[in-house]
Amino acid sequence: MARHLSKGTSRTDLVVASHNKESVELALGLKRQIGLNSGVGELTYAQLMGMADELSLGLLSEKSDDEEIKVYKYAVWGTTQECVKYLVRRAEENKDAVGRTTENRAACMKEIWRRMRFAKA
């Protein structure tokens with residue numbers, strides 16, 4: 001989506017909707033390299049709820065204090081038959097997600113401990 005900021009200029013926002021770790025890291029590296037949030041456009045990430053949570057948590061926990069990172073999780077909505085078909089397709093497309101189970105568990109535990117420490121402060 002391009003938004004017009006003033007006459008003759010526009011800005012392009014980008015949503016990286018991926019469960020692929022390399023794609024997410026590449027987008028973040030490019031954002032940091034060209035300063036995507038500094039007038040050029042906004043970069044956000046989106047993933048299916050329950051998939052690639054370690055990527056989402058990693059993006060949020062490893063950001064610098066002055067860096068804004070937005071991650072959206074989307075939920076499947078519809079009849080059971082529609083949802084199951086959709087989720088099976090996503091699982092087939094993301095077979096590498098099974099290999100990230102250990103990473104996901106470690107990231108979730110790290111986030112739980114971070115929140116517990118934050119709550120005490």
Side-chain angles (χ1 to χ4, degrees):
M1 156 191 359
R3 288 187 266 177
H4 294 287
L5 300 176
S6 63
K7 192 172 186 172
T9 63
S10 65
R11 123 186 187 158
T12 301
D13 297 329
L14 175 66
V15 176
V16 175
S18 177
H19 299 107
N20 180 283
K21 183 177 182 176
E22 290 76 25
S23 297
V24 169
E25 289 175 348
L26 176 64
L28 181 60
L30 289 171
K31 173 192 172 213
R32 288 176 173 161
Q33 181 181 352
I34 63 173
L36 198 57
N37 280 343
S38 59
V40 176
E42 186 175 288
L43 173 63
T44 57
Y45 302 89
Q47 288 119 13
L48 177 61
M49 187 176 293
M51 288 189 74
D53 291 334
E54 75 282 0
L55 296 178
S56 307
L57 294 172
L59 284 167
L60 297 173
S61 67
E62 295 172 14
K63 70 179 186 67
S64 62
D65 289 338
D66 62 336
E67 185 176 34
E68 182 180 21
I69 293 181
K70 295 179 183 177
V71 178
Y72 294 93
K73 291 292 197 171
Y74 70 94
V76 179
W77 186 262
T79 66
T80 301
Q81 186 177 9
E82 292 167 338
C83 292
V84 167
K85 288 179 183 178
Y86 178 79
L87 292 171
V88 167
R89 283 195 309 272
R90 296 292 80 76
E92 288 173 355
E93 292 171 357
N94 294 288
K95 289 179 183 172
D96 66 322
V98 174
R100 293 194 314 255
T101 303
T102 303
E103 287 179 48
N104 192 3
R105 181 177 177 273
C108 288
M109 291 305 296
K110 181 179 175 182
E111 180 64 13
I112 288 168
W113 284 113
R114 186 191 70 79
R115 289 182 187 196
M116 288 173 54
R117 284 193 309 268
F118 182 73
K120 290 179 184 178

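Numbering of residues begins at 1 and proceeds along the displayed sequence. These numbers come from a predicted model, not from an experiment. Hydrogens, waters and symmetry mates play no part in the numbers below; they use all other heavy atoms, side chains included.
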Applying side chain to side chain donor-acceptor pair (under 3.5 Å), name anything that partners [X], two or more places apart in sequence or on another chain.
| X | answer |
| --- | --- |
| Lys70 | Glu42 |
| Ser23 | Asn20 |
| Thr79 | Glu82 |
| Ser56 | Gln47, Lys73 |

- Item | Pairwise distance NZ(Lys31) to OG1(Thr44) - rounded to 0.5 angstrom |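 The NZ atom of Lys31 sits 10.0 Å away from the OG1 atom of Thr44.
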Query raised in the report: What distance do Glu54 atom CD and His19 atom NE2 have between them, rounded to the nearest 0.5 Å?
Result: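 Output value for this atom pair is 9.5 Å.
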Less than 4.5 Å apart, any side-chain heavy atom of [X] and any of [Y]?
| X | Y | answer |
| --- | --- | --- |
| Leu48 | Leu87 | yes |
| Met109 | Ile112 | yes |
| Val16 | Leu26 | no |

In this structure, would [X] and [Y] fall into the same cluster of hydrophobic residues linked by side-chain contacts under 4.5 Å?
| X | Y | value |
| --- | --- | --- |
| Leu55 | Val71 | yes |
| Val24 | Leu28 | yes |
| Leu43 | Ile69 | yes |
| Leu60 | Tyr72 | no |

On a heavy-atom basis, which atom in Cys83 and which in Trp77 lie closest, and how many Å separate them?
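Scanning both residues, the minimum pair turns out to be SG-C, 3.8 Å.
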Residues clustering with Val88 (ILVMFWY side chains joined when closer than 4.5 Å, directly or via others)
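Traced through the cluster, Val88 reaches Val84.
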- [ ] Could I get the full list of salt bridge (charged side-chain N to carboxylate O under 4.0 Å, His left out) partners for Lys85, not counting sequence neighbours?
- [x]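 Residues passing salt bridge (charged side-chain N to carboxylate O under 4.0 Å, His left out) with Lys85: none at all.
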